[in-house]
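As a basis for the values below, the full set of heavy atoms in this structure was taken, side chains included, without hydrogen atoms, waters or symmetry mates. Chain letters run A, B, ... following the sequence lines, proteins first, then strands; residues in each count from 1.
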4 protein chains.
Amino acid sequence: MTNTQVTLLQIDNYGPWTVTPEPRRETDLQTMQSRLYADISQFVGARDGYVFFTRFDNMIAVTNGLSREDHERLQESIGNRYPVTLSLGVATGTTPVQALSDATTQLQEAGSAQDKDRREVLEGRVIEDGHRTDGDVQIAHFDVINATGTYTDELNAFDTFIEIEQGYAELMRHMRHTHDSLSFFVGGDNVIVVCPDLEEPDYEEAIHHVAEAVDVDLQVGVGRGDSAHEAGYAAKHALETCRADGIRVELAWE
Amino acid sequence: MTNTQVTLLQIDNYGPWTVTPEPRRETDLQTMQSRLYADISQFVGARDGYVFFTRFDNMIAVTNGLSREDHERLQESIGNRYPVTLSLGVATGTTPVQALSDATTQLQEAGSAQDKDRREVLEGRVIEDGHRTDGDVQIAHFDVINATGTYTDELNAFDTFIEIEQGYAELMRHMRHTHDSLSFFVGGDNVIVVCPDLEEPDYEEAIHHVAEAVDVDLQVGVGRGDSAHEAGYAAKHALETCRADGIRVELAWE
Amino acid sequence: MTNTQVTLLQIDNYGPWTVTPEPRRETDLQTMQSRLYADISQFVGARDGYVFFTRFDNMIAVTNGLSREDHERLQESIGNRYPVTLSLGVATGTTPVQALSDATTQLQEAGSAQDKDRREVLEGRVIEDGHRTDGDVQIAHFDVINATGTYTDELNAFDTFIEIEQGYAELMRHMRHTHDSLSFFVGGDNVIVVCPDLEEPDYEEAIHHVAEAVDVDLQVGVGRGDSAHEAGYAAKHALETCRADGIRVELAWE
Amino acid sequence: MTNTQVTLLQIDNYGPWTVTPEPRRETDLQTMQSRLYADISQFVGARDGYVFFTRFDNMIAVTNGLSREDHERLQESIGNRYPVTLSLGVATGTTPVQALSDATTQLQEAGSAQDKDRREVLEGRVIEDGHRTDGDVQIAHFDVINATGTYTDELNAFDTFIEIEQGYAELMRHMRHTHDSLSFFVGGDNVIVVCPDLEEPDYEEAIHHVAEAVDVDLQVGVGRGDSAHEAGYAAKHALETCRADGIRVELAWE
């Protein structure tokens, strides 16, 4: 049974900071947001977690394997090196949406995202080492079948982008409402979804739904593990099997 | 009349590189993609351009003000410091979609994105300094009205994200098909759109369309200039007027 | 009794890479070297270690607290994101120089720094968790007394730099030959020295030696701990006492 | 005749910032300092300049080709993305030391490096485009003859480092006092020196001096150009000739 540990990372008072004393140059904001995300990706990834850029001022991570001290250390590093600070809410749940919901509540109860006094909150609970199992995390890695041949080498780059965005928007809503899952576009034509205990028919149904709704054809590799990396890496390998064998859904553990 | 210079930046042979000899750790890919984008943002931004992360392996930039030599220098810098290289297609047009379309064709004609031999292509034409005007670029900066109060402090962070994504997906399609414009989510609740010569009714109509289609309420500041930064910075200031005065559409030049 | 765990990090085949197929632009090399060092500093620092840029193609770290798996993970991250790879040699010793010497031998025996076939060596042994003690690491943090008043605000910036470099060069030789210690300039007017079990007279003597030899006046805070960060942070606090009280040598544990 | 444009970059109030409210973690300071330097290296390098990390809180750059607006843009970018700000002093001179000296005075007259009110000073003058010539900058690129064979593959890594540091310390003093030149260690076994109009006998004498004083054998390639990159790249190529032909001094223009 999955037991996903989710951390919500929120930049403190970011909206006001970006326009004080005047609006800041857009490309400098983009650079800072991206490098902040990259640093968090290295920190979380070195402990076998995954983090998704999401909205950049709010980022979502799967942190099975990170302790409370790890979360404090991350806050300290960012606070020492950036002109902004992070507040973190951590929670666990049998579904990723439940965990993320509780993590969000942790922060909301501590104060607004634009509360000028709320800084570096750290609330919530992690899974103790002795309670972790190989079934804690399920990750599904979707991509568009032959995106390069169908889109990238044929349409203009923005129309290709529109197709992939529409596919992502449809998949994200379906997976959240039907399967309590969290879906994230990670570049190229790839979407990584953090799931509870789903089975092959659930994935076949999701793929069918997206094809019907927006005419985008997906395939998916799925993995399980005690961490996002364990599960996600197995999912990547399963996706390679899809690519090689022309299969739509491949579960790493079957 | 707008004369947008658009550059399409495409990582050479990226798909195969990410899985050779084996799939690479996802968080390392995310870190590299984000830092590559951040570097390009600094380079382009220092010359008053804008670049959008788009799909990360394909990025779209508004490069009015960047010369061909600037494009070569960017390729050199990336090639010297990353394990991947970039191909660049540059074009201009009276609409951003036209320019982006031609820039895409430049690359497609040189070879597939996954052509193992295509490396560091640089094709296309820039606007000569003497031919630049203050009306070359029009940038519209949209955001969601009171996103913090309506969503961030109320819903769980993923449901907030879904709302913003649905708003973005709807706006991007509408602006492309109805107004030949290119729309990019830039974090938070912000979308920057690169437009041809649009007027106030066009923006009111776009806002109305998104509200009707997905129930997301937008406001917008619009600016013009000889570069993305000139136009975009004026748009940011106009958006501050919307926030302060409760207006939905503010054009910087009226 | 100190038991320093030292890791030597060496970029594989770097000399040849910097000039193949042609010499690479110097500022791009500087950028890459500095960011590589910064990444290693974050990785090592998050585990309470210290790493010094040293010669950039060869870097020295105090890695008490890092496991063999941590070293592998660091190599993987760098290999996934940079156009170069790292070889690592790890060793422990009752003196830092001894540990560094053994770590060097690990790499030298595996192959030349410019051996075109030697890649991502990982050799050596770490201190097992159960064998770590609070006396494993001793760190001394030296700085120049009132550098800002004496030099920075008075001399031209290069002459200030010369004074500090001469002080560093003298201290580094003395500490290595007399005290088996490793000294590293870390910016500003600061030198961090990794020491065996030294006592107050040893530090007073080192300060006297440098003042006599090159007329540069130093003060020092010294700390001990089971990691470089534990020891080094105590040393920083001790140095603050020197600054506040006008003392030359302050040991955190007395 | 050389006409070197030198910029001194100084972090405002850095000493106090590093210990307020408490001393900051050393590895976080190292990461921030290195990435700040790397960003400046990209900015300056994209305009064909060179920048040297020097003391990290004080950095020296050769900025022939950078305008006053370029300097302002750099300050803006750093101020938008870092928790610190930069003050810049720019000056030109027939010798690099003279230019650096005047650049330093610009900042010293505006306020102390630790003046809590001095922020983002920008003082001085640049060389107007029409006044630039191919002889403005002379760069000498020294390295240790066969450092890998003599030191890296033979001694422990710190003793190799000591040898290179002693060679650098000796060369830096000699070149400053005898030839009004600025010398910077740039990693590996390389030292880049910014010179006035020196000739072959000057370089032979410098090499002889260092060999006599500290028994370190150097070779050097020298180049000239209207920018640091023009001169420095020619110097790199000349150094390759030294390596290939066993010559000690090679001037690119003879």
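- Below 4.5 Å, heavy atoms of chain C meet no heavy atom from residues 121-148 of chain A.
- Contact residues of residues 75-86 of chain A toward chain C are A:S77, A:R81 (heavy-atom distance under 4.5 Å).
- Among all heavy-atom pairs drawn from C:R73 and A:A46, the shortest one is NE-CA, 3.6 Å.
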